[in-house]
Amino acid sequence: MAAMNMTKEEHSMLDGAQGEGVRRAMEIVVALGTIYGAQDLVPVSHVQVSGVSYKNLGDAGLEFLRDWAAQGARVRVPTTLNPAGMDLRHWRELGFPPDFAMQQQAVLDAFSAMCIETTCTCTPYLVSYVPRLGDHIAWGESSAISYANSALGARTNREGGPGALAAAITGRTARYGLHLDENRIPTHLVDVRCPIHSESDWGALGYIVGKRVANGVPYLRGLDPAACDVTSLKALGAAMAASGAVALYHVEGVTPEATNLLPPIWNFKGQEIVIVGLEEGYEALNTQSAVGTIDLVWIGCPHASLDEIESIAGRLVGRHVRSALWITAAHQVREEAESRGLVTRLESSGGRIVSDTCLVVAPVEALGFRSIATNSGKGAFYGPSHAHVAVRFGSLDQCLEAALTGEWEMTDERAGLGTVSESMS
Ligand code: F3S
């Protein structure tokens, strides 16, 4: 296998001339490049590091980070963090166990020692850094990767925790996969022939597409461009990345590469999929087990925007929830909501904006939640396996109704959605 072309500076990192922490990082970047046949490395303008919760890292992960930081590893490009296992400011009042909180803080201290901003959100594009069309970045967190590649036209592979950290420390990633034009061309043409109304419809659609295309690049048509806002696209991409491994999708007339860069679609030679209904998605994302009362209603997967918070606060005016209601969001978004009086309004209805974490990476069992309702396809997908909860998946209206009554009411809302999708080659 031919060696990669590397600059003098890159060789000096690999040779250890810039310290052991950098050498270790460059070794990872080069190893990934060699495995995937990269010709060279490409500078990255931003890194998002996933693998932050102590629940997933454990003591071994914490030691790994401390060790790397002690070897002098420091990031050389702006680098942000995915959600941690707790709300960093309000963990006590939310009931997070103190021993967990102590270990989680130690993880964050190790990241801080490497000069990483402890943003702790999966939506960095809402608060701190919005990549531009064509920017090379190295992001972990599948929903953010999907949004950056698809909605913004930036370029990132699905980075794992160590790979993203290595890119941050060296300022480079290997040029392969989605950094190259040829891998951004659609592999599947998806004709959506059913109406999409709510954010849970976007999640159900994403679930079905992800199941069908696995790690392919779907090109979706039939969607109303006016309905493709930030909330819809983040829900769609997050679900696609959960049920499949989709890191890039295109939406006709909406996403930048679908309109500007791709070859005419009539030359398309890949597989065609026709989606006539969303039932398959709703069936898969609701757990089969019976659910009595709903312990927690969870909105904000991916982390909620200010608009989403405002809309929820508006719907709850003068009403009070019976179940717990968590809206997970970046702490910067919470601060903005606070300054607009939304936090007080939500709290007077019994809801909470919970920052820095989410149900999938928090120690949910210790918090005592057994059944949840959510409008997120990704949240519903991972709820049973990662948080060991029974899940009811439906629209924001259904979820808020469940929060108010403490119960999930089945409606025939989905009855008109048609049957499962059909596909043809
Ligand atoms: Fe974000 Fe957690 Fe969902 S990391 S995308 S809120 S599972």
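Start at 1 with the first residue, then count along the sequence. Predicted model only: the values in this text are computed from it and were never measured. As the structure lists them, so they are numbered: ligands from 1, and atoms in each ligand from 1.
Atom 1 (Fe) of ligand 1 has an N, O or S atom of C122 closer than 2.8 Å.
N375 and Q398 form no side-chain donor-acceptor contact under 3.5 Å, judged by distance and modelled atom types alone. Of the N and O atoms on the side chains of T123 and T121, at least one donor lies less than 3.5 Å from an acceptor on the other residue. Side-chain N/O atoms of Y54 and D59 include a donor and acceptor closer than 3.5 Å. Side-chain contact check for W298 and T328: at least one donor-acceptor pair (N or O, by modelled atom type) lies under 3.5 Å.
Taking every non-hydrogen atom of V360 and a distance limit under 4.0 Å, the qualifying atoms of ligand 1 come out as 7 (S). Ligand-side atoms of ligand 1 in range of E141: 4 (S), 5 (S), range being under 4.0 angstrom from any heavy atom. Atoms of ligand 1 lying under 4.0 Å from at least one heavy atom of G300, given by number and element, are 6 (S). Close approach of ligand 1 to K378 is summarised as follows: ligand atoms under 4.0 Å from at least one heavy atom of the residue are 5 (S), 7 (S). Counting atoms of ligand 1 from 1 in the listed order, those under 4.0 Å from a heavy atom of C301 are 3 (Fe), 5 (S), 6 (S), 7 (S). Interface of P83 with ligand 1, defined as ligand atoms under 4.0 Å from a residue heavy atom, comprises 4 (S).
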Item to check | Verdict with supporting geometry, R345 and E310, salt bridge (Lys or Arg N to Asp or Glu O under 4.0 Å) | outcome: CA-CA 10 Å; R345 274 170 61 190; E310 195 153 28; 5.7 Å; no

Checklist entry - Please walk me through it: do S45 and Y129 pass side chain to side chain donor-acceptor pair (under 3.5 Å)? => result CA-CA 10 Å; S45 55; Y129 178 75; 3.0 Å; yes

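Of all the listed residues (C358, G237, G379), C358 holds the heavy atom that lies closest to atom 6 (S) of ligand 1.
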